[in-house]
Amino acid sequence: GQQLNQSPQSMFIQEGEDVSMNCTSSSIFNTWLWYKQDPGEGPVLLIALYKAGELTSNGRLTAQFGITRKDSFLNISASIPSDVGIYFCAGRAPGDAGNMLTFGGGTRLMVKP
Amino acid sequence: GAVVSQHPSWVICKSGTSVKIECRSLDFQATTMFWYRQFPKQSLMLMATSNEGSKATYEQGVEKDKFLINHASLTLSTLTVTSAHPEDSSFYICSASSSGYNEQFFGPGTRLTVL
């Protein structure tokens, strides 16, 4: 089946720094989603992307749907301690039934105050 | 936004017993619900997809007789872990979606510990 390669696996940064993470695939997707999971909680949707080239912001977060439809990135500007958590990309491939998603392995973000 | 709840949030049970986890969509009708399992420091692993009124579709390697899924209404799906064993201890997360959405909305998860 499809696989999403998400990198980096983990990041340890200083508060105030910008963060960038990305997901790549060998096959195309027609929807890219970015979720954040806090410890002991379910993932929460941050940004949804539906068109190739689309660039969408949500506060300090910005995500883009790659032109090739095989990749997406998420940027977080001016990180703060509450940004700590695991970020997952997820994609929906053409032909996937019922909103089924493929998930990346996650990026664990740690922010040092 | 769409809200999904899960109950219980955590459960501890003895080996050999069965545990039922409920997943509810609170403000929309979920035609499809998904059940995931997540081990520590790992990504979400899809266990099964259930459509309201139909039998669930299980992913390869997931025992349908051990993980019973019922999706009897558009707002409720249940996962029953039968004859639970310590290796079933995990974080179980449901998500819900419908034809009106392109996304899945996740519940808060259920931490299962089997002693």
Side-chain angles (χ1 to χ4, degrees), chain A residues 1-11 21 23 25 29-51 54 56 58 63 65 72 84-110, chain B residues 1-7 9-10 21 23-25 28 30-52 54 56-61 71 77 90-113:
Chain A
Q2 302 110 352
Q3 285 188 326
L4 289 183
N5 298 308
Q6 186 172 347
S7 65
Q9 288 188 336
S10 62
M11 302 180 74
M21 60 191 77
C23 270
S25 170
F29 285 85
N30 54 19
T31 299
W32 283 96
L33 307 170
W34 285 92
Y35 289 88
K36 182 193 177 196
Q37 185 179 26
D38 290 327
E41 300 288 333
V44 173
L45 182 65
L46 299 174
I47 293 180
L49 303 159
Y50 303 111
K51 291 194 317 185
E54 181 180 354
T56 297
N58 178 6
F65 191 141
S72 176
V84 165
I86 305 175
Y87 293 79
F88 290 102
C89 63
R92 182 182 175 193
D96 277 349
N99 290 340
M100 184 172 291
L101 298 174
T102 300
F103 281 85
T107 295
R108 184 178 298 270
L109 178 64
M110 293 158 280
Chain B
V3 181
V4 177
S5 70
Q6 263 181 261
H7 178 80
S9 56
W10 59 270
I21 303 170
C23 178
R24 293 181 187 272
S25 57
F28 71 104
T31 49
T32 307
M33 287 188 170
F34 303 84
W35 287 96
Y36 294 85
R37 182 165 49 182
Q38 186 180 34
F39 292 107
K41 298 189 178 181
Q42 293 189 20
S43 188
L44 291 82
M45 185 184 79
L46 180 65
M47 298 175 68
T49 303
S50 85
N51 293 298
E52 185 264 339
S54 304
T57 301
Y58 290 81
E59 294 300 298
Q60 194 170 12
H71 190 168
S77 175
S90 188
F91 193 53
Y92 291 87
I93 312 173
C94 73
S95 71
S97 187
S98 74
S99 57
Y101 294 114
N102 288 309
E103 310 90 357
Q104 292 180 25
F105 298 96
F106 286 85
T110 297
R111 172 77 56 195
L112 170 64
T113 302

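Every chain is numbered from 1, with letters handed out A, B, ... down the list of sequences. On a predicted model such as this, the values are computed, not experimentally measured, just so you know.
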Nearest heavy-atom approach of B:Phe105 to A:Leu45 is CE2-CD2, 4.3 Å

In short, side-chain hydrogen bond (donor to acceptor under 3.5 Å, both in side chains) pairs touching residues 38-47 of chain B with sequence neighbours left out are A:Gln37-B:Gln38

Between B:Gln104 and A:Asn99, the two heavy atoms sitting closest are NE2-O, 2.8 Å

Could you tell me whether B:Glu59 atom CD has more than 12 heavy atoms of other residues or ligands within 6.0 Å of it?
yes

Closest heavy-atom pair, A:Pro43 versus B:Leu44, reported as atoms and distance to 0.1 Å, is CG-CD2, 4.0 Å

Contacts of B:Arg37 meeting salt bridge (Lys or Arg N to Asp or Glu O under 4.0 Å) (sequence neighbours excluded), chain-then-number -> none

If one checks every heavy atom of A:Leu101 against chain B at 4.5 Å, the contacting part turns out to be both

Whatever's closer than 4.5 Å to a heavy atom in chain A on B:Thr57 counts as neither

